[in-house]
Number of protein chains: 2
Amino acid sequence: MAQAELDVFDLNILRILQKDASLTNKEIASQLNKSVATVHERVRRLKEQGYIKRVVAILDRKKINKSLIAFSQVLLHDHTAETLATFEREVSKFPEVMECFQMTGTFDFILRIATSDMDAYHDFYRNKLAKLPNITTVQSFFVLSETKSITAYPI
Amino acid sequence: MAQAELDVFDLNILRILQKDASLTNKEIASQLNKSVATVHERVRRLKEQGYIKRVVAILDRKKINKSLIAFSQVLLHDHTAETLATFEREVSKFPEVMECFQMTGTFDFILRIATSDMDAYHDFYRNKLAKLPNITTVQSFFVLSETKSITAYPI
DNA sequence: ATTGAAATGTAGGAAAC
DNA sequence: GTTTCCTACATTTCAAT
């Protein structure tokens with residue numbers, strides 16, 4: 001499968017779907033002055049080729065009792081392939097961990113942790129995260145307020 | 001409008017839609033052993049009451065030329081309401097800024113910045129971020145690798 | 001690759017329980 | 001609040017360009 005470049009029409013479709021994937025092909029077609037069948041075919045290809053990874057519902061975290069978001073910076077003892085792989089595998093299993101990135105700089109990983117409150121975070125920290133092997137330090141920062149939070153990349 | 005509590009059925013619907021919002025009501029109904037109309041009504045309510053904020057397409061950032069993700073920690077000169085509000089308002093206007101959170105700890109804000117590469121980040125930093133008023137320091141960390149990245153809260 | 005039109009399936013609304 | 005029924009609309013396929 002040749003990975004064709006995206007044209008302006010593809011990009012416009014992606015822009016729209018990143019913001020609202022509940023729009024119908026008809027509405028998208030009308031915005032972009034194309035036929036419904038063409039939009040359908042383009043969207044099918046964008047999914048098939050992996051540009052669109054998935055379509056998800058974004059919830060209001062405060063309404064579902066995930067009021068506390070923490071960013072936790074983790075430093076490991078060493079950086080052997082084994083140590084890194086073990087940490088990544090184990091930390092990914094925790095449902096509280098929504099994101100885990102290996103980073104440049106003075107620590108190794110940054111985690112985004114979602115819990116209901118500080119008690120739940122504390123429990124996660126003591127009984128899950130801090131029990132993983134080879135951790136030197138964990139430094140946590142908590143979200144006070146959310147100024148902007150979007151999933152759409154600027155394209 | 002009374003904000004009713006969510007029952008197990010609501011939570012199951014939210015769990016499913018957080019992972020795949022392209023499923024039809026029919027498929028959800030079959031998974032949960034309920035009728036399509038019931039699922040339809042529950043989903044309608046979950047949207048109306050704001051539990052579901054929006055439905056979006058998640059793209060593969062590397063395929064759309066957003067290979068570089070930075071987390072930037074920002075410290076401001078002061079914390080008057082005016083200074084905070086101005087920073088929040090202005091930084092939110094930049095399309096590269098996908099997230100902005102005010103934080104506890106040794107800095108004021110954490111930003112998630114998406115750009116194509118280090119040159120583009122540098123340009124963003126010098127010509128946009130660093131030009132905002134009242135910034136004391138910006139410390140940036142870059143994603144080396146993505147171990148886990150989901151939008152679904154654990155519920 | 002794009003289109004209009006046909007066929008299929010789903011969403012959305014109404015009425016009864 | 002749930003179910004069944006019904007209509008409108010959306011998706012999907014296809015032949016033609």
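First the proteins, then the strands, lettered A, B, ... as listed; each starts at 1. Quick caveat: nothing in here was measured; it's all calculated off a predicted structure.
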| request: Show your reasoning for whether side-chain contact (heavy atoms from CB on, under 4.5 Å) applies to B/Arg15 and B/Ile155. | output: CA-CA 7 Å; B/Arg15 278 190 197 104; B/Ile155 56 175; 3.7 Å; yes
| message | Under the criterion side-chain contact (heavy atoms from CB on, under 4.5 Å), I'd like the reasoning laid out for A/Leu17 against A/Leu46: C-alpha separation, chi angles, the key distance, then a yes or no. | response | CA-CA 11 Å; A/Leu17 291 180; A/Leu46 289 166; 5.8 Å; no
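For B/Arg61, the side-chain hydrogen bond (donor to acceptor under 3.5 Å, both in side chains) test picks out B/Glu146, with sequence neighbours left out. Under the side-chain contact (heavy atoms from CB on, under 4.5 Å) criterion, B/Thr136 pairs with B/Leu75, B/His77, sequence neighbours left out. For B/Asn65, the side-chain contact (heavy atoms from CB on, under 4.5 Å) test picks out B/Ser116, with sequence neighbours left out. With sequence neighbours excluded, the residues satisfying side-chain hydrogen bond (donor to acceptor under 3.5 Å, both in side chains) with A/Ser149 are B/Glu99. Listed by chain and number, the residues in a side-chain contact (heavy atoms from CB on, under 4.5 Å) with B/Asn33 amount to none (sequence neighbours excluded). For A/Asp117, the side-chain contact (heavy atoms from CB on, under 4.5 Å) partners two or more places apart in sequence, or in a different chain, are A/Asp119, A/Ala120.
Annotation: B/Phe141 is not in aromatic contact with A/Phe101 [ring centroid separation under 6.0 Å not met].
A heavy atom lying under 4.0 Å from DNA chain D marks the following residues of residues 33-44 of chain B, by number: B/Ser35, B/Ala37, B/Thr38, B/Arg42. Only A/Thr24, A/Asn25, A/Lys26, listed by number, bring a heavy atom of residues 18-31 of chain A to less than 4.0 angstrom from any atom of DNA chain D.
Applying the salt bridge (charged side-chain N to carboxylate O under 4.0 Å, His left out) definition to pairs two or more places apart or across chains, those involving residues 81-93 of chain B are B/Glu90-B/Lys93.
For DNA chain D, the outermost nucleotides in 5' to 3' order that have an atom under 4.0 Å from a heavy atom of chain A are D/dA10 to D/dT13. Contact footprint of chain B on DNA chain C: nucleotides with an atom under 4.0 Å from a non-hydrogen protein atom, first to last in 5' to 3' order, C/dT10 to C/dG12.
Grouping Ile, Leu, Val, Met, Phe, Trp and Tyr by side-chain contacts under 4.5 Å, direct or through others, puts B/Leu84 with B/Leu68, B/Val74, B/Leu76, B/Phe87, B/Val91, B/Phe94, B/Val97, B/Phe109, B/Leu111, B/Ile113, B/Met118, B/Tyr121, B/Phe124, B/Tyr125, B/Leu129, B/Leu132, B/Ile135, B/Val138, B/Phe142.
Looking at every heavy atom in both residues, B/Lys148 comes nearest to A/Pro95 through NZ-CA, 4.5 Å.
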